[in-house]
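This report concerns only the one structure given below.
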Protein chains: 2
Amino acid sequence: MREPPATNPPTAAAASLVQGFQGWMSSNDLSPAACPVRDVLDQLGDKWSTLLLIALAAGPRRFGVLRRTVPDISQRMLTQTLRDLQRDGLIDRQVFPTKPPSVEYSLSPLGTSLLEPVAALVAWAERNHADIRVARARYDAEDAAA
Amino acid sequence: MREPPATNPPTAAAASLVQGFQGWMSSNDLSPAACPVRDVLDQLGDKWSTLLLIALAAGPRRFGVLRRTVPDISQRMLTQTLRDLQRDGLIDRQVFPTKPPSVEYSLSPLGTSLLEPVAALVAWAERNHADIRVARARYDAEDAAA
DNA sequence: CTGAATCCAGCCCGATACTG
DNA sequence: CAGTATCGGGCTGGATTCAG
């Protein structure tokens, strides 16, 4: 067999993506609920989910600690994001009936398993952050010239 | 050396995340521009970026083809998302001065390299989509009972 | 065919104040 | 300490229309 005709180097990753993509696009309907990418990635795509997941990677943390760990999150968003993550089964919530009460959040096994692909993505982001910033600056410069 | 005191199984992924996290959180400032997670992931977190990246994984595609490939995207969002991806250097844009003109989008080397971690994330999403849906249903049921 | 421009609805999210 | 409730602004993103 000769080289495939694809104009892009057909990475194993690309092949996997293309195959899966055709699956949930052409199979039946394209309802967002049936599409793992939208149903799962949209969650992680919000402003704080990934950050909190990473913060909890170091171990269980209490509400107030998380609040200080991510300094610019509001308590509203902290509560809401934690509840969403809990709803998806990614984190567990344990209440200690002390006085005053304290609540500890921790990654569930499911959430822990999510850490691996997330770490890969973060590693990529760190590796290529500089390149992206350069690309942006160049694009904006050309844009300003026009 | 004995087992570490962390309450979570310290995956290699977790360790990597924790280390990087402390880096850009405690190093100096917490400006979103200096944080790869926010600066890069927020882009991919929008409604269409990841989907278009996946659609382009199969090879270069013209504007109209992409439009039909992702049926429920508006041309406004298609244009805007493509421009943002191009700005970050993830995709290339080539104009063919035909009549009428046609434009072809393709993944850049940088964009292709992003496919790998994205594929890992998508694979995770597909593997655990069912579990997540179950967790949601359970959470909502308890919520309704209260 | 590929886009730009405009208008507008909805929700994301922050600030603040209040409970147990 | 750990939330909840309310208000409001800003941005996302859809529908439509116009242009090259």
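Computed from heavy atoms alone, side chains included, the values below leave out hydrogens, waters and symmetry copies. Each chain gets a letter, A, B and so on, in the order its sequence line appears, and its residues count up from 1.
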Check your understanding: What residues form a side-chain hydrogen bond (donor to acceptor under 3.5 Å, both in side chains) with A/E126, not counting sequence neighbours?
Key -> B/W24

Review point. Ignoring hydrogens and geometry, is there a side-chain-to-backbone donor-acceptor pair from A/T11 to A/A13 under 3.5 Å?
Key: no

Review point. Taking any atom under 4.0 angstrom from a heavy atom of chain A, which nucleotides of DNA chain C are the first and last to qualify, 5' to 3'?
Key: C/dC13 to C/dG20

Review point. Is the phosphate of D/dC1, meaning OP1 or OP2, less than 4.0 Å from a side-chain N or O of A/Y105?
Key: no

Check your understanding: Mind checking what makes side-chain hydrogen bond (donor to acceptor under 3.5 Å, both in side chains) contact with B/Q86, not counting sequence neighbours?
Key -> none

Review point. Would you say the side-chain atoms of B/S16 pair up with the backbone N or O of B/A12, donor to acceptor, closer than 3.5 Å?
Key: no

Check your understanding: So does A/E104 have more than 12 non-hydrogen atoms from other groups sitting under 6.0 Å from CD?
Key -> yes

**Study point:** Test side-chain hydrogen bond (donor to acceptor under 3.5 Å, both in side chains) applied to B/N128 - qualifying residues, sequence neighbours left out
**Key:** B/W124

Study note, to complete from the structure: Taking five pairs at each terminus, the helix from C/dC1-D/dG20 to C/dG20-D/dC1 shows an axis bend, to 10°, of 40°

Point to revise | Sequence-distant partners of A/R87, salt bridge (Lys or Arg N to Asp or Glu O under 4.0 Å), two or more places apart | key: B/D140

**Study point:** Partners meeting salt bridge (Lys or Arg N to Asp or Glu O under 4.0 Å) with B/R62 (sequence neighbours left out)
**Key:** none

Exercise for review: For residues 127-136 of chain B, pull every pair meeting salt bridge (charged side-chain N to carboxylate O under 4.0 Å, His left out), keeping only residues two or more places apart or in separate chains.
Suggested key: A/D39-B/R133, A/D39-B/R136, A/D88-B/R136

Review point. NA contact type, A/R67, heavy-atom cut-off 4.0 Å: base, sugar-phosphate, or nothing?
Key: nothing

**Study point:** Within 6.0 Å of CD in B/Q80, more than 12 heavy atoms from elsewhere
**Key:** yes

Exercise for review: List the steps, then state whether side chain to side chain contact (heavy atoms under 4.5 Å, CB included) holds for A/L121 with B/L114.
Suggested key: CA-CA 8 Å; A/L121 203 54; B/L114 177 55; 3.9 Å; yes

**Study point:** Qualifying side chain to side chain donor-acceptor pair (under 3.5 Å) pairs, either residue in residues 92-103 of chain A, two or more places apart
**Key:** A/R93-A/Y105

**Study point:** Contact pattern, 5' to 3', of nucleotides 6-20 of chain D - B, S or - by protein heavy atom under 4.0 Å
**Key:** B------BBBBB---

Check your understanding: Of the residues in residues 88-97 of chain A, which ones touch DNA chain C at a heavy-atom distance under 4.0 Å?
Key -> none

Can I get a per-line list of side-chain donor-acceptor pairs under 3.5 Å for residues 44-60 of chain B, giving both atom names and the distance, sequence neighbours left out?
residue	atom	partner	partner atom	Å
B/D46	OD1	B/W48	N	3.1
B/D46	OD1	B/S49	N	2.8
B/D46	OD1	B/S49	OG	2.8
B/D46	OD2	B/S49	OG	2.8
B/S49	OG	B/Q43	O	3.3
B/T50	OG1	B/L44	O	3.1

